[in-house]
There are 4 protein chains.
Amino acid sequence: MSSSFGTLWRTTTFGESHGGGVGVVVDGCPPRLDLDVDAVQAQLDRRRPGQSPLATPRDEPDRVEILSGLENGATLGTPLAMLVRNRDQKPGDYEALRNIPRPSHADFTYQRKYGIRAASGGGRASARETIGRVAAGAVAEQWLAREYDTGIVAWVEAVGDVMTDGVDPATIDRAAVDTQLVRCPHAGAAARMTAAIEAARGDHDSVGGVVSCVCRGVPAGWGEPVFDKLEALLAHAMLSLPAVKGFEIGSGFAGAAMRGSAHNDAFVAGDRGLGTVTNRSGGVQGGISNGEHVVFRVAFKPPATVARTQRTADFDGNEVDLAAPGRHDPCVVPRAVPIVEAMAALVLADCALRQRARDRRSG
Amino acid sequence: MSSSFGTLWRTTTFGESHGGGVGVVVDGCPPRLDLDVDAVQAQLDRRRPGQSPLATPRDEPDRVEILSGLENGATLGTPLAMLVRNRDQKPGDYEALRNIPRPSHADFTYQRKYGIRAASGGGRASARETIGRVAAGAVAEQWLAREYDTGIVAWVEAVGDVMTDGVDPATIDRAAVDTQLVRCPHAGAAARMTAAIEAARGDHDSVGGVVSCVCRGVPAGWGEPVFDKLEALLAHAMLSLPAVKGFEIGSGFAGAAMRGSAHNDAFVAGDRGLGTVTNRSGGVQGGISNGEHVVFRVAFKPPATVARTQRTADFDGNEVDLAAPGRHDPCVVPRAVPIVEAMAALVLADCALRQRARDRRSG
Amino acid sequence: MSSSFGTLWRTTTFGESHGGGVGVVVDGCPPRLDLDVDAVQAQLDRRRPGQSPLATPRDEPDRVEILSGLENGATLGTPLAMLVRNRDQKPGDYEALRNIPRPSHADFTYQRKYGIRAASGGGRASARETIGRVAAGAVAEQWLAREYDTGIVAWVEAVGDVMTDGVDPATIDRAAVDTQLVRCPHAGAAARMTAAIEAARGDHDSVGGVVSCVCRGVPAGWGEPVFDKLEALLAHAMLSLPAVKGFEIGSGFAGAAMRGSAHNDAFVAGDRGLGTVTNRSGGVQGGISNGEHVVFRVAFKPPATVARTQRTADFDGNEVDLAAPGRHDPCVVPRAVPIVEAMAALVLADCALRQRARDRRSG
Amino acid sequence: MSSSFGTLWRTTTFGESHGGGVGVVVDGCPPRLDLDVDAVQAQLDRRRPGQSPLATPRDEPDRVEILSGLENGATLGTPLAMLVRNRDQKPGDYEALRNIPRPSHADFTYQRKYGIRAASGGGRASARETIGRVAAGAVAEQWLAREYDTGIVAWVEAVGDVMTDGVDPATIDRAAVDTQLVRCPHAGAAARMTAAIEAARGDHDSVGGVVSCVCRGVPAGWGEPVFDKLEALLAHAMLSLPAVKGFEIGSGFAGAAMRGSAHNDAFVAGDRGLGTVTNRSGGVQGGISNGEHVVFRVAFKPPATVARTQRTADFDGNEVDLAAPGRHDPCVVPRAVPIVEAMAALVLADCALRQRARDRRSG
């Protein structure tokens, strides 16, 4: 079941970076959702490489075709299959790498696990696999918005050691995020991040970063104790993304250094019942949403594929110098923004359905 | 399926902190494992409160009874049900809290999710729920040790802002960890951590911390792309634990600040085939183990239950002063060590079985 | 996952016929159900051997203990663990069978599958495993009755070649079924069935039979196309019972011999919207309940354990004469009645929850 | 998860009878299988309507395209996505049926379940959905043949009340089955079946039938007690097919009328260890294969769509006369043969993988 995610809102992706195409089957999307296919395409476009000088110039339209589950613009409640054809197939680019596993890439482990691997481009480990996730997530967020007025916004919190000046999770929106190509809404920080990316590119190198995400309008009661706590599902979702090395919710690692009296979120009466004065819990207590904003951060390592020469070994153990052919993104976090949003949407939609099943009156 | 974890090695826990008992059903443990029941009990004893002045004095024997799945000391391949009876039932302790949701605890969210909650002690959100996990994990680690010589060791990396001086994941063992009550193997750091815990207790407060864990002897090839990557399952497992707010593998959040050229783990020929010179990947590449040590860290927030008075609101929205009755652990991380080990074992055993299914010759 | 059943209403059984006990964990039962524990016990008592001269005299109280998930008589929404202790342990009875796999029993296949098997009494293949199912099903049927006024009644349709005179699925109830020890509500047929069982016993032999079941008050809309059609889940549930060799719904095998014009169920306006004039569909069309009675039949082979001598081979291939020691049920179908009801309840409760998740307004 | 089937060999189908196409994602097919795509196409061709005068003349090539998971003819171990485009779209044919639910079809129940339904042709309830199953099953049977020399053959056992003269499950092969268009290998019975189908067609009516299936070369040890017994999974698989009303394995319903002494399969030493003298168990004991042929039968009701006029009601409850437009198969069982084979293959492949996981030395 490794290519499926979710219990009731079930997302199954398929496709290598080369071959007929990549896509997704969404099983469990409720019926009678008037789907805005343009909005699905818009999230795919935000994910697409080649959007800016900051990203790889590989130009693929990534046009989504909906194969099933939709009629007259409305979902039927049956599997929604979506396909994006592959276009830019140059396996030759990778021929030289046939016997050299790229350091910190998945060549070595796929070969060891499967005894075979896609000849080129990373196969399922390619960022291209995330197309299916983004398409599915874009459907999920439309459903969440309609049913619960839930909204999800991610942004770039850090590139290398350049941090934002602080983004307010209560008010940030995608338009603000997209004012900057680097997807950090603060012009000043964005400029410094851009410089860091350009510097890495100039050094034929790459750089990591952090994406933050807020989910607003999450009702109290989502998340399934004890193993499918909301934060556990979010962590699972985020760590399933290529290049992710860390996840934290609310206070995260910083919270581990705190005292309980300083960390606790006191309750206070509010418009919609009890709320909390602070939100160090990140919107989740005991694995269940408490009605506050769900806020989390995701750490992305620097892309493993760098143009500068690396000393490493081939599959036979011989030392070699490797310089990756082609042109590559020096930093993935701007493009990761819609991917993080998509995975959050998939988690929330599944939690919503699971809670609904429990109690028709709640959820 | 919220109380079950795993695909082939499937662990289902049950039980509230009060009631007949807590326990677990392990479905999928292979047959013909000569189970060392004392070793299972030993891990439960490491988890138990009341082991030291650092922990809560609640004295429960937590003696495990194996109800099924075992005959003449060997597993039958059928469900292994294990039960620990509850003894120390004092619901009266919690009566005063009936209408006051404890800040940053699960009272409020359970009430909102289920429309009911256990009268006392946190119900399923209680740390006592982890007994089932520890018992199941102790079985899993015995099987992993026998089949793959895999070993798992966790330790306390930080208490509040006190860090270890650095623990070598290649050599640390449980005996070294247990030389210190605080379960940090370095006497100097352990003393400072103990002081931090005692200071928190003296202030009627609590303090958080970080647990690190290494899994040695993990063969290359475990983890299921794309959604059940090894790090995704580990993150899921760890974030499903009470009080956990963060997870990172390998370089983690620090890696996000690095350049690719500095982060990449170059390959080098070794005794058992290709290895890597460094291990910033934390033993996982592309979601699949690469044969190096799997190393990760888990952030625990400070316990929400503190004795000092907190200003908060009751369920009706009235402001109240709350001081938690009873005595509570000011810091959970020493006891969390065997729990982290258990969850790691459950993830690895499941991954091992899934990989075996794929290829009888590998895994 | 072989010992778990269901997606949202998830039932996990454990326990061998010998050992600490048998039981079940029900994960997914909604909260705030006022559980009638006596009614659970009553279904267990109907399942129990030793109820009548027709059944095995092994006298076990089979008293259920609820370990978790219940407080003040109401479900908490957390796992409901139920345990029945084993009492009557006489492994010595089975010692003689150690090297002889009983014909048409599970000794041989368990040994081949697991490389080990319970020393006695069939292990998980024992009818005693169904205790957990019956307890879980008794909870499910209480929830179904409260939420949907759904009711389930099974009865003995045939023993050997003795058939009922026809039972009306619209009106049959459990009280009528239980007027006869053989659980066929017609006194005449019941007498003939009893005679058939006594004749088999007199011949040191056993005899098979058929159990019919009706589920009334099943709303239209339950069942999940395309793989989890209602009839597919019912068939799965029934064929998972020991000794079952066949399942048919509605017209079943007889329907295969019919013409479409004679088989089709024409629609007609009724009190609660459209109904059908006939019910050859058995209450299910396209895998989804249509609001009519769900009616199905289950074929049980004759018990494999017979007292008369059988010529067979031991594990080493030597020909031997085997006569089963002890006393055994010559016919299981009277006791199978509550077991069939239980499995039907587990299927329906799961389908109800899955449909609720889809649409809060329906289900 | 309603459109997915299997635990480790996981098959997800998608697509309506109208729309972009129908297809399947196979997740869990092991790597390094040299896939014979022509053999996949051949099974699709056997399933296709319009093969003979006996079937509907709708002429669709149903050409399969493999979108992913395959490179240089070998499986990569990643999801195998297969797509068959829809061609013959005439929603107009169905416009007249918009407000009339066809008797014993899925129009009514889909509308009640989802509150919407595909405008035409049955949507997911269409036989066209089985294309994905057949493609996936054709892959599974290639893998089973390579790994275990397992072979699966189905045939038409009955059409209406015309039965075969008896087919030997030990020797029957697909070539023999396909010598007759009606897919009953006996010329005499086949002629009578053909006549029965032609008679039904002549009467603007339809007729049901029975498909038998044998799986040879199934090693002892497949099937997962207690809920995923081999026969339970087979029953689930078969009852998930459109129009199926019954399933029986081995002696089936006839076995329910037998005595145990006559029903039991005595063991006897054979070439490959213990075998059984008879096979009333149908190759399964205690839910686990015993190494004998797995033999089962599947009952298909007559197709609900008949050309002759039926008196029924529309959605508003008005009585109407309905005569189905277009041309339809009067009997589905000849085309059902490869579909039954496919579902059997999917069950067996999944069981094989699950058993392998348990024990590298067995399976």
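Residue numbers start from 1 in every chain, and the chains themselves are labelled A, B, ... in the order their sequence lines are given, proteins ahead of strands.
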State which residue, out of B:Leu70, B:Leu67, B:Leu76, fulfils the side chain to side chain contact (heavy atoms under 4.5 Å, CB included) condition with C:Glu16. B:Leu76
Work out which heavy atom in C:Glu71 is nearest to a heavy atom in B:Arg117; give both atom names and the distance. OE2-O, 4.1 Å
Provide the closest heavy-atom pair for B:Arg85 versus C:Leu83 in the form atom of the first, atom of the second, distance. NH2-CD2, 4.4 Å
Among B:Gly23, B:Pro31, B:Gly69, which residue has the highest count of heavy-atom pairs closer than 4.5 Å to chain C? B:Pro31
Could you pull out the closest heavy-atom pair between B:Ile116 and C:Thr75, with the gap in Å? CD1-O, 3.7 Å
Determine whether C:Ser2 and B:Asp27 make a side-chain contact, defined as any pair of heavy atoms from C-beta on separated by less than 4.5 Å. yes
When rounded to the nearest 0.5 Å, the distance separating OG of C:Ser68 from CZ of B:Arg124 is 7.0 Å
